[in-house]
Amino acid sequence: MAAVEEIRPDPVAAETITRTGGNESYSALVWRRFRRSLTGMIGLVLVVLLMITALFAEFFSPMSPMATDASFSPPQTISFRDKDGRLSIFPRVYANAETEELDPVTFQPIVGPDYDNPRYLGFFVRGSEYRLLGLVPTNRHFFGSIDGEPVHFLGTDKFGRDVLSRAIHGSRVSLAIALSVVLIVTVVGTTVGLASGYFGGVADAWIQRFVEIVLAFPQLPLYLALTSLIPVTAPTHVFLTFVVVVMSALGWAQMSREVRGKTLALARIDYVRAAMAIGATDRRIIFQHILPNVMSHVIVAVTLNIPSVVLLESFLGFLGFAVKPPLISWGLMLQDTATYSVIGSYPWILAPVGFVLVTVFAFNALGDGLRDAVDPY
C-alpha cells in the first residue's frame, strides 16, 4: 500500500492567516504576492520617482530649461579633488574654458577644464526663479552650484540649453501625454468591451466589425497624415490635444478586444447566471459582478500600455509630429540627433534616450509584477 505523502502547510500563508484572523482581502493578497517580485518592486520605486520628478520638474532641474550658455558644451563631471589633486569633502565641477594651447590641426584654442575657478555644488541651492506647482514663487533647486553659476551635468544642446534640465521638464509632457492617452483608451476600450461581451448577439457582431476596421488601419501613416493636417501656426495646446485624440482613437480597439474576451468568459460563470435568474438589472450585473473581475486585467494592461505610448510619442516627436516648441518632450529633444555627424561629435545629446529606457523598463517591470501578483498561475 502506497504511503500517503505528508502535506506541509505554507508558513507564510499560515502566518498571514493567523495575523489577519483567517480573513484577507483581495488587495492585501495581491500586495503580498507583489512584494515578492524584485523587478516589480524596482519598477514601482522607479515609477514613483519618475512621477515625483515630473510633478516637481522645476525644483529638480538645476537650471532653467530655456537658459542658454555655450552651445554643445560637454558634460561637467563632479569632482572631489582640487587643481593640485588633493581630496576635498566639497563636490565641485570645473567649467570648460579656452586654454592658451592651440590644436595642431585646426589651430583653434583647446578647450579644457578651468581648474582656477571651481563651481562648488550643494543641495537646496538658489537658482533661477519659478513657481512651484504654478503657485508658490521660489528659487530653490534640489541640486546645483552654490553661487548660482550654470552647471551642465549632461552638457548643452546646439542652442546652449542644459540637457538635464530639459530632459527633466520633458518628462512632464511625455508622461502627461502617455497617461492621458492610456486613460482615454482604458475608459473607452473597457466600456466597449464590456458592452460587446455582455450583450452579445447582433450588437456584438457590429461592434467587433468596427473594432476590426480600426485595428486594420496602418497606424504610422495615419498618424503622420492626421498630425500634418494641423497648421504650424496652431496654438500649442490645440496641437497637443489633437495628438492625444489621434493616439487614443487608434489605441482603444485592442483594449476593447481583450476586455470582451474576459467578459465572455465571466458572463457564463454561475454567480452571474444566478444574478440574472433573480432578476438583477444589466447595470448591476456589469458593475457589481463583471467589472471588478475585469479590473485586474485592465490595471495590468494600463501599466504595459504606457511604455508603448511613451515610445510612440518619442518616435513621432523625433519626426516632428508630436510636440512643438516651446513645449519640451523627450521626442522633441531627440530631433537634435538627426545626423550622424552630430551624434559622433556630441554624443551627450542622446541623454533623452536614457530617460525613455528607464521609463519603459519601470512600467514594464511594474506591469510584469502586477500580472504575476494578480494571476500567479
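In this structure, H141 contributes its side chain and S61 its backbone to a donor-acceptor pair below 3.5 Å. Put simply, the side chain of R119 never gets that close to the backbone of Y94: no donor and acceptor are under 3.5 Å apart. The backbone N or O of M63 sits less than 3.5 Å from a side-chain atom of S165, completing a donor-acceptor pair.
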| task | Take L332 and L327 through the side-chain contact (heavy atoms from CB on, under 4.5 Å) test and state the conclusion after the steps. | result | CA-CA 9 Å; L332 185 64; L327 291 180; 5.7 Å; no
| request: Show the numbers, then the answer: is there a side chain to side chain donor-acceptor pair (under 3.5 Å) between Q288 and R283? | output: CA-CA 8 Å; Q288 295 293 329; R283 179 178 178 181; over 6 Å; no
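Taking the centre of each ring, F142 and F56 stay at or above the 6.0 Å mark.
Atom CG of L334 and atom CG of L350 lie 7.5 Å apart (nearest 0.5 Å). Separation of atoms NZ (K158) and OG (S71) is listed at 11.0 Å; rounding is to 0.5 Å. For the atom pair CZ of R126 and OG1 of T138, the computed distance is 8.0 Å after rounding to the nearest 0.5 Å. In this structure, CG on N364 lies 10.5 Å from OG1 on T359, to the nearest 0.5 angstrom. N305 CG to W252 CH2: the interatomic distance, rounded to the nearest 0.5 Å, is 14.5 Å.
Other residues, nucleotides and ligands contribute more than 12 heavy atoms inside 6.0 Å of the CZ atom of R140.
When all heavy atoms of T39 and A365 are compared, the pair lying nearest together is O-CB, 3.3 Å. Nearest heavy atoms, T263 versus G197: CG2-C, 3.7 Å. The heavy-atom pair separating G155 from W348 by the smallest distance is CA-CD1, 3.9 Å. In this structure, L154 and A351 approach most closely via the heavy-atom pair CD1-CB, 3.9 Å. Scanning all heavy atoms of the two residues, the minimum distance from V356 to S314 falls at CG2-OG, 3.6 Å. Taking all atoms of both residues into account, the shortest heavy-atom contact from V294 to L194 is CG2-CD2, 4.3 Å.
Every side-chain hydrogen bond (donor to acceptor under 3.5 Å, both in side chains) that R209 has, sequence neighbours left out, goes to E212.
Linking Ile, Leu, Val, Met, Phe, Trp and Tyr residues whenever their side-chain heavy atoms come within less than 4.5 Å places F217 and V181 in a single cluster. A single hydrophobic cluster is not seen to contain both L46 and V310; linkage of ILVMFWY side chains at heavy-atom distances under 4.5 Å, directly or through other members, places them apart. Under the 4.5 Å side-chain contact rule for hydrophobic residues, M295 and V300 share a cluster. Hydrophobic clustering, with ILVMFWY side chains joined whenever heavy atoms are under 4.5 angstrom apart, keeps V358 apart from I328. L49 and L370 end up in different hydrophobic clusters when Ile, Leu, Val, Met, Phe, Trp and Tyr side chains are linked at under 4.5 Å.
R260 and D204 are joined by a salt bridge, as a carboxylate oxygen and a charged side-chain nitrogen come within less than 4.0 angstrom of each other.
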